[in-house]
Trainee: 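Sending over a structure as C-alpha coordinates; questions will come in a sec.
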Protein chains: 2
Amino acid sequence: MGAIETRRQIVEAADRLFYERGFEATSFADIAAEVKLSRGNFYYHFKTKDEILRAVIALRLRNTEAALEAWENEAGAAEERIRRFIHILIMNRSKIMAYGCPTGTLSNELAKLEHIAKDEAVEIFSLFRDWLGRQFAALGRKADADALALHVLMRSQGVATLAAAFREEDFIRREVADMNAWLDAQTPGRAARPRPVSRGAA
Amino acid sequence: MGAIETRRQIVEAADRLFYERGFEATSFADIAAEVKLSRGNFYYHFKTKDEILRAVIALRLRNTEAALEAWENEAGAAEERIRRFIHILIMNRSKIMAYGCPTGTLSNELAKLEHIAKDEAVEIFSLFRDWLGRQFAALGRKADADALALHVLMRSQGVATLAAAFREEDFIRREVADMNAWLDAQTPGRAARPRPVSRGAA
DNA sequence: ACCCATCTAGGACGAATGTCCTAGGCGCCT
DNA sequence: AGGCGCCTAGGACATTCGTCCTAGATGGGT
(Lines give C-alpha, C1' and ligand atoms only; values in the text may rest on other atoms or scores of the structure.)
Protein backbone atom coordinates (compact mmCIF):
# COMPACT_ATOMS: atom_id res chain seq x y z
CA MET A 1 0.00 0.00 0.00
CA GLY A 2 1.32 3.44 -0.91
CA ALA A 3 2.43 5.75 1.83
CA ILE A 4 0.07 8.45 0.65
CA GLU A 5 -2.96 6.20 0.96
CA THR A 6 -1.82 4.95 4.37
CA ARG A 7 -1.32 8.50 5.52
CA ARG A 8 -4.78 9.41 4.29
CA GLN A 9 -6.31 6.53 6.25
CA ILE A 10 -4.44 7.54 9.39
CA VAL A 11 -5.62 11.12 9.19
CA GLU A 12 -9.16 9.99 8.49
CA ALA A 13 -9.19 7.65 11.50
CA ALA A 14 -7.61 10.32 13.70
CA ASP A 15 -10.21 12.81 12.51
CA ARG A 16 -13.03 10.55 13.62
CA LEU A 17 -11.41 9.53 16.89
CA PHE A 18 -10.50 13.10 17.84
CA TYR A 19 -14.13 13.96 17.28
CA GLU A 20 -15.64 11.03 19.12
CA ARG A 21 -13.20 10.72 22.03
CA GLY A 22 -11.32 14.00 22.06
CA PHE A 23 -7.72 14.77 21.18
CA GLU A 24 -5.99 13.95 24.45
CA ALA A 25 -8.06 10.87 25.11
CA THR A 26 -7.05 9.41 21.75
CA SER A 27 -3.68 7.66 21.80
CA PHE A 28 -1.25 6.68 19.05
CA ALA A 29 -2.21 3.09 19.75
CA ASP A 30 -5.91 3.84 19.26
CA ILE A 31 -5.35 5.32 15.83
CA ALA A 32 -2.88 2.62 14.80
CA ALA A 33 -5.34 -0.09 15.84
CA GLU A 34 -8.08 1.59 13.85
CA VAL A 35 -5.97 1.53 10.67
CA LYS A 36 -4.53 -1.86 11.58
CA LEU A 37 -0.96 -0.65 11.73
CA SER A 38 1.80 -1.32 14.21
CA ARG A 39 2.79 1.58 16.38
CA GLY A 40 6.23 1.42 14.87
CA ASN A 41 4.97 1.74 11.35
CA PHE A 42 2.82 4.56 12.54
CA TYR A 43 5.91 6.48 13.49
CA TYR A 44 7.13 6.27 9.93
CA HIS A 45 4.21 8.43 8.81
CA PHE A 46 3.87 10.79 11.79
CA LYS A 47 6.66 11.65 14.18
CA THR A 48 4.57 13.38 16.84
CA LYS A 49 0.99 13.58 17.96
CA ASP A 50 0.91 17.27 17.19
CA GLU A 51 1.80 16.44 13.62
CA ILE A 52 -1.34 14.30 13.35
CA LEU A 53 -3.41 17.03 14.92
CA ARG A 54 -2.13 19.52 12.38
CA ALA A 55 -2.96 17.11 9.58
CA VAL A 56 -6.45 16.54 10.96
CA ILE A 57 -7.09 20.27 11.24
CA ALA A 58 -5.75 20.76 7.71
CA LEU A 59 -8.13 18.05 6.50
CA ARG A 60 -11.06 19.69 8.23
CA LEU A 61 -10.10 23.04 6.75
CA ARG A 62 -10.03 21.53 3.27
CA ASN A 63 -13.35 19.73 3.80
CA THR A 64 -14.95 22.88 5.14
CA GLU A 65 -13.68 24.94 2.25
CA ALA A 66 -14.97 22.35 -0.20
CA ALA A 67 -18.41 22.25 1.43
CA LEU A 68 -18.72 26.02 1.46
CA GLU A 69 -17.65 26.22 -2.13
CA ALA A 70 -20.19 23.57 -3.10
CA TRP A 71 -22.97 25.53 -1.41
CA GLU A 72 -21.75 28.61 -3.20
CA ASN A 73 -22.28 26.82 -6.52
CA GLU A 74 -25.36 24.71 -5.79
CA ALA A 75 -27.70 26.87 -3.78
CA GLY A 76 -29.22 29.85 -5.48
CA ALA A 77 -29.61 32.92 -3.33
CA ALA A 78 -27.48 33.91 -0.34
CA GLU A 79 -30.44 33.33 1.93
CA GLU A 80 -30.77 29.77 0.70
CA ARG A 81 -27.07 29.20 1.34
CA ILE A 82 -27.36 30.31 4.93
CA ARG A 83 -30.26 27.92 5.37
CA ARG A 84 -28.03 25.16 4.08
CA PHE A 85 -25.59 25.95 6.83
CA ILE A 86 -28.32 25.95 9.45
CA HIS A 87 -29.59 22.65 8.13
CA ILE A 88 -26.34 20.90 9.11
CA LEU A 89 -27.74 20.75 12.61
CA ILE A 90 -30.54 18.51 11.37
CA MET A 91 -28.46 16.47 8.97
CA ASN A 92 -25.79 15.66 11.55
CA ARG A 93 -28.14 15.50 14.53
CA SER A 94 -27.18 11.96 15.55
CA LYS A 95 -23.48 12.69 15.75
CA ILE A 96 -24.10 16.10 17.31
CA MET A 97 -26.26 14.59 20.05
CA ALA A 98 -23.48 12.11 20.76
CA TYR A 99 -20.35 14.22 20.43
CA GLY A 100 -21.31 17.87 19.93
CA CYS A 101 -19.82 20.01 17.19
CA PRO A 102 -16.41 18.82 15.94
CA THR A 103 -15.08 22.35 15.58
CA GLY A 104 -16.44 23.67 18.83
CA THR A 105 -15.35 20.79 21.00
CA LEU A 106 -11.87 20.61 19.49
CA SER A 107 -11.39 24.34 19.81
CA ASN A 108 -12.50 24.16 23.44
CA GLU A 109 -10.17 21.32 24.25
CA LEU A 110 -7.13 22.88 22.60
CA ALA A 111 -7.84 26.17 24.37
CA LYS A 112 -7.77 24.44 27.75
CA LEU A 113 -4.58 22.59 26.86
CA GLU A 114 -3.07 25.86 25.66
CA HIS A 115 -2.07 23.85 22.63
CA ILE A 116 -0.03 25.49 19.90
CA ALA A 117 -2.48 24.41 17.20
CA LYS A 118 -5.39 26.13 18.94
CA ASP A 119 -5.48 29.01 16.48
CA GLU A 120 -5.49 26.64 13.52
CA ALA A 121 -8.60 24.98 14.93
CA VAL A 122 -10.25 28.36 15.35
CA GLU A 123 -9.44 28.98 11.69
CA ILE A 124 -12.18 26.48 10.83
CA PHE A 125 -14.61 28.74 12.64
CA SER A 126 -13.21 31.65 10.68
CA LEU A 127 -13.99 29.95 7.39
CA PHE A 128 -17.65 29.68 8.39
CA ARG A 129 -17.62 33.18 9.84
CA ASP A 130 -16.25 34.78 6.68
CA TRP A 131 -18.45 32.74 4.38
CA LEU A 132 -21.58 33.56 6.37
CA GLY A 133 -20.49 37.17 6.47
CA ARG A 134 -20.31 37.25 2.68
CA GLN A 135 -23.79 35.78 2.42
CA PHE A 136 -25.24 38.41 4.74
CA ALA A 137 -23.45 41.12 2.78
CA ALA A 138 -25.03 39.75 -0.37
CA LEU A 139 -28.36 39.98 1.45
CA GLY A 140 -27.83 43.70 1.80
CA ARG A 141 -26.61 43.63 5.41
CA LYS A 142 -23.12 44.79 4.62
CA ALA A 143 -22.83 46.96 7.72
CA ASP A 144 -23.45 44.21 10.27
CA ALA A 145 -22.63 41.18 8.13
CA ASP A 146 -19.91 39.94 10.47
CA ALA A 147 -22.08 40.36 13.55
CA LEU A 148 -24.88 38.43 11.86
CA ALA A 149 -22.46 35.72 10.82
CA LEU A 150 -21.22 35.36 14.39
CA HIS A 151 -24.81 35.27 15.58
CA VAL A 152 -25.62 32.31 13.34
CA LEU A 153 -22.42 30.55 14.37
CA MET A 154 -23.22 31.26 18.00
CA ARG A 155 -26.63 29.65 17.70
CA SER A 156 -25.20 26.58 16.01
CA GLN A 157 -22.68 26.14 18.76
CA GLY A 158 -25.26 26.59 21.47
CA VAL A 159 -27.61 24.11 19.86
CA ALA A 160 -24.81 21.58 19.43
CA THR A 161 -23.68 21.87 23.06
CA LEU A 162 -27.15 21.53 24.54
CA ALA A 163 -28.12 18.81 22.09
CA ALA A 164 -25.11 16.81 23.25
CA ALA A 165 -26.06 17.41 26.87
CA PHE A 166 -29.79 16.65 26.77
CA ARG A 167 -30.00 14.50 23.64
CA GLU A 168 -33.40 15.86 22.67
CA GLU A 169 -33.97 15.84 18.95
CA ASP A 170 -37.07 18.02 19.29
CA PHE A 171 -34.91 20.73 20.76
CA ILE A 172 -32.72 20.77 17.67
CA ARG A 173 -35.67 20.92 15.29
CA ARG A 174 -37.30 23.68 17.30
CA GLU A 175 -34.18 25.81 17.34
CA VAL A 176 -33.52 25.25 13.64
CA ALA A 177 -37.07 26.43 12.91
CA ASP A 178 -36.43 29.44 15.09
CA MET A 179 -33.19 30.21 13.27
CA ASN A 180 -35.02 30.07 9.95
CA ALA A 181 -37.70 32.40 11.29
CA TRP A 182 -35.00 34.72 12.53
CA LEU A 183 -33.38 34.66 9.12
CA ASP A 184 -36.69 35.59 7.52
CA ALA A 185 -36.82 38.64 9.74
CA GLN A 186 -33.32 39.72 8.71
CA THR A 187 -34.38 40.55 5.14
CA PRO A 188 -37.41 42.77 5.58
CA GLY A 189 -37.08 44.06 2.03
CA ARG A 190 -37.84 40.67 0.54
CA ALA A 191 -41.07 38.73 0.65
CA ALA A 192 -40.65 36.01 3.26
CA ARG A 193 -41.02 32.70 1.48
CA PRO A 194 -43.48 30.29 3.10
CA ARG A 195 -41.94 28.22 5.87
CA PRO A 196 -43.13 25.54 8.27
CA VAL A 197 -44.77 27.15 11.26
CA SER A 198 -42.40 28.04 14.07
CA ARG A 199 -44.43 27.86 17.24
CA GLY A 200 -43.86 31.07 19.12
CA ALA A 201 -40.37 32.39 19.57
CA ALA A 202 -38.33 29.43 20.67
CA MET B 1 -5.61 20.76 59.82
CA GLY B 2 -8.96 19.02 59.87
CA ALA B 3 -9.78 16.52 57.20
CA ILE B 4 -12.94 18.39 56.29
CA GLU B 5 -11.06 21.59 55.58
CA THR B 6 -8.39 19.73 53.57
CA ARG B 7 -11.06 17.98 51.60
CA ARG B 8 -12.73 21.29 50.89
CA GLN B 9 -9.46 22.74 49.60
CA ILE B 10 -8.88 19.72 47.38
CA VAL B 11 -12.32 19.94 45.82
CA GLU B 12 -11.94 23.67 45.33
CA ALA B 13 -8.57 23.27 43.60
CA ALA B 14 -9.90 20.42 41.47
CA ASP B 15 -12.90 22.52 40.55
CA ARG B 16 -10.67 25.28 39.22
CA LEU B 17 -8.21 22.95 37.49
CA PHE B 18 -10.94 20.89 35.84
CA TYR B 19 -12.31 24.13 34.49
CA GLU B 20 -9.03 25.63 33.32
CA ARG B 21 -7.31 22.50 32.01
CA GLY B 22 -10.06 19.96 31.62
CA PHE B 23 -10.79 16.82 33.63
CA GLU B 24 -8.50 14.34 31.87
CA ALA B 25 -5.64 16.78 31.51
CA THR B 26 -5.63 17.40 35.26
CA SER B 27 -3.70 14.81 37.24
CA PHE B 28 -3.73 13.80 40.89
CA ALA B 29 -0.29 15.34 41.15
CA ASP B 30 -1.54 18.66 39.76
CA ILE B 31 -4.27 18.93 42.36
CA ALA B 32 -2.01 17.74 45.18
CA ALA B 33 0.63 20.31 44.24
CA GLU B 34 -2.00 23.05 44.20
CA VAL B 35 -3.07 22.22 47.77
CA LYS B 36 0.52 21.47 48.79
CA LEU B 37 -0.18 17.89 49.70
CA SER B 38 1.75 14.72 49.00
CA ARG B 39 0.13 12.34 46.57
CA GLY B 40 -0.03 9.76 49.33
CA ASN B 41 -1.93 12.03 51.66
CA PHE B 42 -4.19 12.84 48.78
CA TYR B 43 -5.22 9.22 48.60
CA TYR B 44 -6.40 9.40 52.18
CA HIS B 45 -9.11 11.85 51.13
CA PHE B 46 -10.00 10.56 47.68
CA LYS B 47 -9.49 7.00 46.53
CA THR B 48 -10.14 7.55 42.82
CA LYS B 49 -10.19 10.36 40.33
CA ASP B 50 -13.86 9.72 39.68
CA GLU B 51 -14.52 10.36 43.34
CA ILE B 52 -13.01 13.84 43.02
CA LEU B 53 -15.02 14.47 39.89
CA ARG B 54 -18.22 13.53 41.69
CA ALA B 55 -17.29 15.86 44.55
CA VAL B 56 -16.55 18.70 42.11
CA ILE B 57 -19.84 18.24 40.33
CA ALA B 58 -21.64 18.10 43.68
CA LEU B 59 -19.94 21.36 44.64
CA ARG B 60 -20.99 23.00 41.40
CA LEU B 61 -24.53 21.77 41.89
CA ARG B 62 -24.61 23.29 45.37
CA ASN B 63 -23.11 26.57 44.16
CA THR B 64 -25.55 26.77 41.28
CA GLU B 65 -28.49 26.06 43.54
CA ALA B 66 -27.30 28.73 45.94
CA ALA B 67 -26.85 31.31 43.17
CA LEU B 68 -30.27 30.62 41.71
CA GLU B 69 -31.86 30.83 45.12
CA ALA B 70 -30.10 34.13 45.78
CA TRP B 71 -31.47 35.57 42.53
CA GLU B 72 -34.86 34.30 43.49
CA ASN B 73 -34.69 36.36 46.67
CA GLU B 74 -32.79 39.44 45.50
CA ALA B 75 -34.12 40.32 42.10
CA GLY B 76 -37.68 41.51 41.85
CA ALA B 77 -39.56 40.34 38.80
CA ALA B 78 -39.00 37.15 36.84
CA GLU B 79 -37.79 39.18 33.90
CA GLU B 80 -35.13 40.81 36.03
CA ARG B 81 -34.00 37.39 37.24
CA ILE B 82 -33.53 36.14 33.71
CA ARG B 83 -31.46 39.22 32.98
CA ARG B 84 -29.29 38.35 35.93
CA PHE B 85 -28.61 35.00 34.36
CA ILE B 86 -27.77 36.58 31.02
CA HIS B 87 -25.48 39.01 32.74
CA ILE B 88 -23.18 36.21 33.88
CA LEU B 89 -21.71 36.31 30.40
CA ILE B 90 -20.48 39.83 31.02
CA MET B 91 -19.44 39.28 34.63
CA ASN B 92 -17.37 36.20 33.84
CA ARG B 93 -16.21 37.34 30.42
CA SER B 94 -12.50 37.04 31.17
CA LYS B 95 -12.71 33.43 32.30
CA ILE B 96 -15.19 32.58 29.56
CA MET B 97 -12.88 33.97 26.88
CA ALA B 98 -10.08 31.87 28.29
CA TYR B 99 -11.84 28.61 29.15
CA GLY B 100 -15.42 28.71 27.91
CA CYS B 101 -18.36 27.76 30.11
CA PRO B 102 -17.48 25.41 32.99
CA THR B 103 -20.68 23.44 32.64
CA GLY B 104 -20.66 23.19 28.87
CA THR B 105 -17.03 22.21 28.50
CA LEU B 106 -17.18 19.63 31.28
CA SER B 107 -20.36 18.12 29.93
CA ASN B 108 -18.80 17.93 26.47
CA GLU B 109 -15.66 16.28 27.75
CA LEU B 110 -17.47 13.71 29.86
CA ALA B 111 -19.76 12.87 26.95
CA LYS B 112 -16.76 12.09 24.74
CA LEU B 113 -15.17 10.01 27.46
CA GLU B 114 -18.48 8.22 27.97
CA HIS B 115 -17.83 8.88 31.62
CA ILE B 116 -20.26 7.55 34.20
CA ALA B 117 -20.65 10.95 35.82
CA LYS B 118 -21.76 12.56 32.56
CA ASP B 119 -25.40 12.74 33.59
CA GLU B 120 -24.49 14.36 36.88
CA ALA B 121 -22.71 17.12 34.97
CA VAL B 122 -25.75 17.60 32.76
CA GLU B 123 -27.77 17.96 35.95
CA ILE B 124 -26.12 21.38 36.41
CA PHE B 125 -27.66 22.38 33.10
CA SER B 126 -30.97 21.03 34.31
CA LEU B 127 -30.87 23.31 37.34
CA PHE B 128 -30.58 26.34 35.07
CA ARG B 129 -33.14 24.92 32.67
CA ASP B 130 -35.76 24.36 35.35
CA TRP B 131 -35.07 27.67 37.06
CA LEU B 132 -35.30 29.61 33.78
CA GLY B 133 -38.44 27.66 32.92
CA ARG B 134 -40.05 28.77 36.16
CA GLN B 135 -39.17 32.39 35.42
CA PHE B 136 -40.73 32.23 31.97
CA ALA B 137 -43.79 30.58 33.42
CA ALA B 138 -44.05 33.45 35.89
CA LEU B 139 -43.82 35.79 32.91
CA GLY B 140 -46.98 34.23 31.54
CA ARG B 141 -45.31 31.90 29.05
CA LYS B 142 -46.34 28.72 30.77
CA ALA B 143 -46.96 26.84 27.53
CA ASP B 144 -43.47 27.22 26.08
CA ALA B 145 -41.55 27.99 29.26
CA ASP B 146 -39.18 25.04 28.85
CA ALA B 147 -38.49 25.86 25.21
CA LEU B 148 -37.72 29.46 26.12
CA ALA B 149 -35.47 28.32 28.94
CA LEU B 150 -33.52 26.07 26.60
CA HIS B 151 -33.31 28.92 24.12
CA VAL B 152 -31.64 31.17 26.68
CA LEU B 153 -29.32 28.38 27.77
CA MET B 154 -28.51 27.67 24.13
CA ARG B 155 -27.50 31.26 23.51
CA SER B 156 -25.31 31.34 26.59
CA GLN B 157 -23.52 28.22 25.48
CA GLY B 158 -23.04 29.52 21.97
CA VAL B 159 -21.70 32.83 23.18
CA ALA B 160 -19.32 31.09 25.59
CA THR B 161 -17.96 28.75 22.92
CA LEU B 162 -17.37 31.46 20.34
CA ALA B 163 -16.03 33.88 22.93
CA ALA B 164 -13.44 31.28 23.90
CA ALA B 165 -12.56 30.73 20.24
CA PHE B 166 -12.28 34.32 19.02
CA ARG B 167 -11.68 36.13 22.32
CA GLU B 168 -13.63 39.20 21.25
CA GLU B 169 -15.22 41.00 24.14
CA ASP B 170 -17.36 43.12 21.83
CA PHE B 171 -19.00 39.97 20.55
CA ILE B 172 -20.10 39.04 24.05
CA ARG B 173 -21.52 42.49 24.75
CA ARG B 174 -23.33 42.57 21.43
CA GLU B 175 -24.93 39.19 21.99
CA VAL B 176 -25.91 40.02 25.56
CA ALA B 177 -27.61 43.17 24.29
CA ASP B 178 -29.38 41.08 21.67
CA MET B 179 -30.51 38.59 24.30
CA ASN B 180 -31.94 41.41 26.37
CA ALA B 181 -33.74 42.77 23.34
CA TRP B 182 -35.07 39.31 22.61
CA LEU B 183 -36.29 39.04 26.19
CA ASP B 184 -38.12 42.35 25.82
CA ALA B 185 -39.97 40.91 22.85
CA GLN B 186 -41.04 37.84 24.81
CA THR B 187 -43.38 39.78 27.08
CA PRO B 188 -45.51 41.79 24.69
CA GLY B 189 -48.13 42.33 27.36
CA ARG B 190 -45.78 44.41 29.48
CA ALA B 191 -44.31 47.78 28.75
CA ALA B 192 -40.75 47.24 27.63
CA ARG B 193 -38.53 49.01 30.12
CA PRO B 194 -35.93 51.30 28.62
CA ARG B 195 -32.72 49.51 27.68
CA PRO B 196 -29.41 50.48 26.11
CA VAL B 197 -29.73 50.51 22.35
CA SER B 198 -29.13 47.18 20.67
CA ARG B 199 -27.82 47.97 17.21
CA GLY B 200 -29.86 45.99 14.72
CA ALA B 201 -30.53 42.33 15.23
CA ALA B 202 -27.18 40.87 16.15
C1' DA C 1 18.66 -11.87 -10.63
C1' DC C 2 19.72 -8.14 -7.94
C1' DC C 3 19.52 -3.51 -5.61
C1' DC C 4 17.88 0.16 -3.49
C1' DA C 5 14.23 3.00 -1.88
C1' DT C 6 10.02 2.49 0.33
C1' DC C 7 7.31 0.69 3.77
C1' DT C 8 6.46 -2.33 7.86
C1' DA C 9 6.78 -4.82 12.47
C1' DG C 10 8.12 -5.22 17.04
C1' DG C 11 9.95 -3.77 20.79
C1' DA C 12 12.82 -0.52 23.91
C1' DC C 13 12.92 3.78 26.45
C1' DG C 14 11.91 7.19 30.08
C1' DA C 15 8.29 9.80 31.87
C1' DA C 16 3.84 10.21 33.74
C1' DT C 17 -0.40 8.30 35.16
C1' DG C 18 -3.96 6.29 38.68
C1' DT C 19 -3.80 3.42 42.45
C1' DC C 20 -2.24 1.52 46.69
C1' DC C 21 0.67 0.37 51.00
C1' DT C 22 3.07 1.37 55.13
C1' DA C 23 5.52 3.78 58.57
C1' DG C 24 5.42 7.72 61.30
C1' DG C 25 3.90 12.26 63.46
C1' DC C 26 0.49 15.05 65.62
C1' DG C 27 -3.04 16.17 68.99
C1' DC C 28 -6.98 15.04 71.85
C1' DC C 29 -8.66 11.92 75.41
C1' DT C 30 -8.32 9.86 80.00
C1' DA D 1 2.14 10.75 80.71
C1' DG D 2 0.57 7.46 77.79
C1' DG D 3 -2.34 5.63 74.26
C1' DC D 4 -5.12 5.89 70.38
C1' DG D 5 -7.16 7.71 66.26
C1' DC D 6 -6.76 10.98 62.75
C1' DC D 7 -3.87 12.78 59.34
C1' DT D 8 0.44 12.92 56.60
C1' DA D 9 4.64 11.70 53.72
C1' DG D 10 7.06 9.04 50.59
C1' DG D 11 7.49 5.72 47.68
C1' DA D 12 6.13 1.16 45.17
C1' DC D 13 3.33 -0.76 41.62
C1' DA D 14 1.63 -1.91 37.00
C1' DT D 15 0.10 0.40 33.08
C1' DT D 16 0.03 3.51 29.42
C1' DC D 17 1.75 7.30 27.14
C1' DG D 18 4.63 9.61 23.27
C1' DT D 19 8.79 8.80 21.17
C1' DC D 20 12.44 6.40 18.93
C1' DC D 21 15.51 2.59 16.92
C1' DT D 22 16.53 -1.27 14.10
C1' DA D 23 15.98 -5.28 11.42
C1' DG D 24 13.39 -7.16 7.87
C1' DA D 25 9.75 -7.47 4.09
C1' DT D 26 8.24 -5.70 -0.37
C1' DG D 27 8.46 -4.42 -5.02
C1' DG D 28 9.69 -1.77 -9.16
C1' DG D 29 13.79 -0.60 -12.19
C1' DT D 30 18.04 -2.21 -14.17
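Reminder, nothing fancy here: chain letters follow the sequence lines and each chain counts from 1. Since the structure is predicted, the reported quantities are computational estimates derived from the model, not experimental observations.
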Trainee: Using OP1 and OP2 only, check whether a side-chain N or O of A:Y44 sits under 4.0 Å from C:dT8.
Mentor: no

Trainee: Check whether any side-chain N or O of B:R93 sits under 3.5 Å from a backbone N or O of B:I90 as a donor-acceptor pair, and report yes or no.
Mentor: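 Yes: the side chain of B:R93 pairs with the backbone of B:I90.
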
Trainee: Side-chain donor-acceptor pair under 3.5 Å between A:S38 and A:N41, yes or no?
Mentor: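 Per modelled atom types, A:S38 and A:N41 side chains form no pair under 3.5 Å.
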
Trainee: Note down the inter-axis angle between the two ends of the helix from C:dA1-D:dT30 to C:dT30-D:dA1, five pairs each, to the nearest 10°.
Mentor: 10°

Trainee: Would you kindly give the CG-to-C1' distance between A:L37 and C:dA9, to the nearest whole Å?
Mentor: 10 Å

Trainee: Find the distance B:I52:CD1 to C:dT17:P and express it as a whole number of Å.
Mentor: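 Computing the B:I52:CD1 to C:dT17:P distance gives 13 Å.
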
Trainee: Quick one about A:K118 and A:S107 (side-chain donor to acceptor, distance below 3.5 Å, no hydrogens or angles considered), yes or no?
Mentor: no

Trainee: Return a single string for nucleotides 11-23 of chain D, one symbol per nucleotide in 5' to 3' order, where B is base contact, S is sugar-phosphate-only contact and - is none, cutoff 4.0 angstrom on heavy atoms.
Mentor: BB----SSBB---

Trainee: Atom CZ of B:F42 and atom C1' of C:dT19: how far apart are they, to the nearest Å?
Mentor: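 My rounded result for the distance is 12 Å.
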
Trainee: Hey, does the side chain of B:T6 come within less than 4.0 Å of D:dC6's phosphate (OP1/OP2), counting only N and O?
Mentor: no

Trainee: Check whether B:K49 reaches the backbone of B:T26 with its side chain - one donor and one acceptor, N or O, closer than 3.5 Å.
Mentor: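 Answer holds: yes.
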
Trainee: Centre-to-centre under 6.0 Å for B:F171 and B:F166, is that the case here?
Mentor: no

Trainee: Under the ring-ring contact (aromatic ring centres under 6.0 Å, His included) rule, what pairs show up with a residue in residues 55-104 of chain B, not counting sequence neighbours?
Mentor: B:Y19-B:Y99, B:W71-B:W131, B:F85-B:F128

Trainee: Within this structure, what is the CZ-OG1 distance for the pair B:R60 and B:T103, rounded to the nearest 0.5 Å?
Mentor: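 Nearest 0.5 Å value for the CZ-OG1 distance: 6.5 Å.
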
Trainee: Rounding to a whole Å, what distance do you find between B:F46:CZ and D:dT8:C1'?
Mentor: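 Atom CZ in B:F46 sits about 16 Å away from atom C1' in D:dT8.
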
Trainee: Do A:E79 and A:D184 touch side chain to side chain, with heavy atoms closer than 4.5 Å?
Mentor: yes

Trainee: Quick one: B:H45 NE2 to C:dC20 P, roughly how many Å, whole number?
Mentor: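 Result: 17 Å.
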
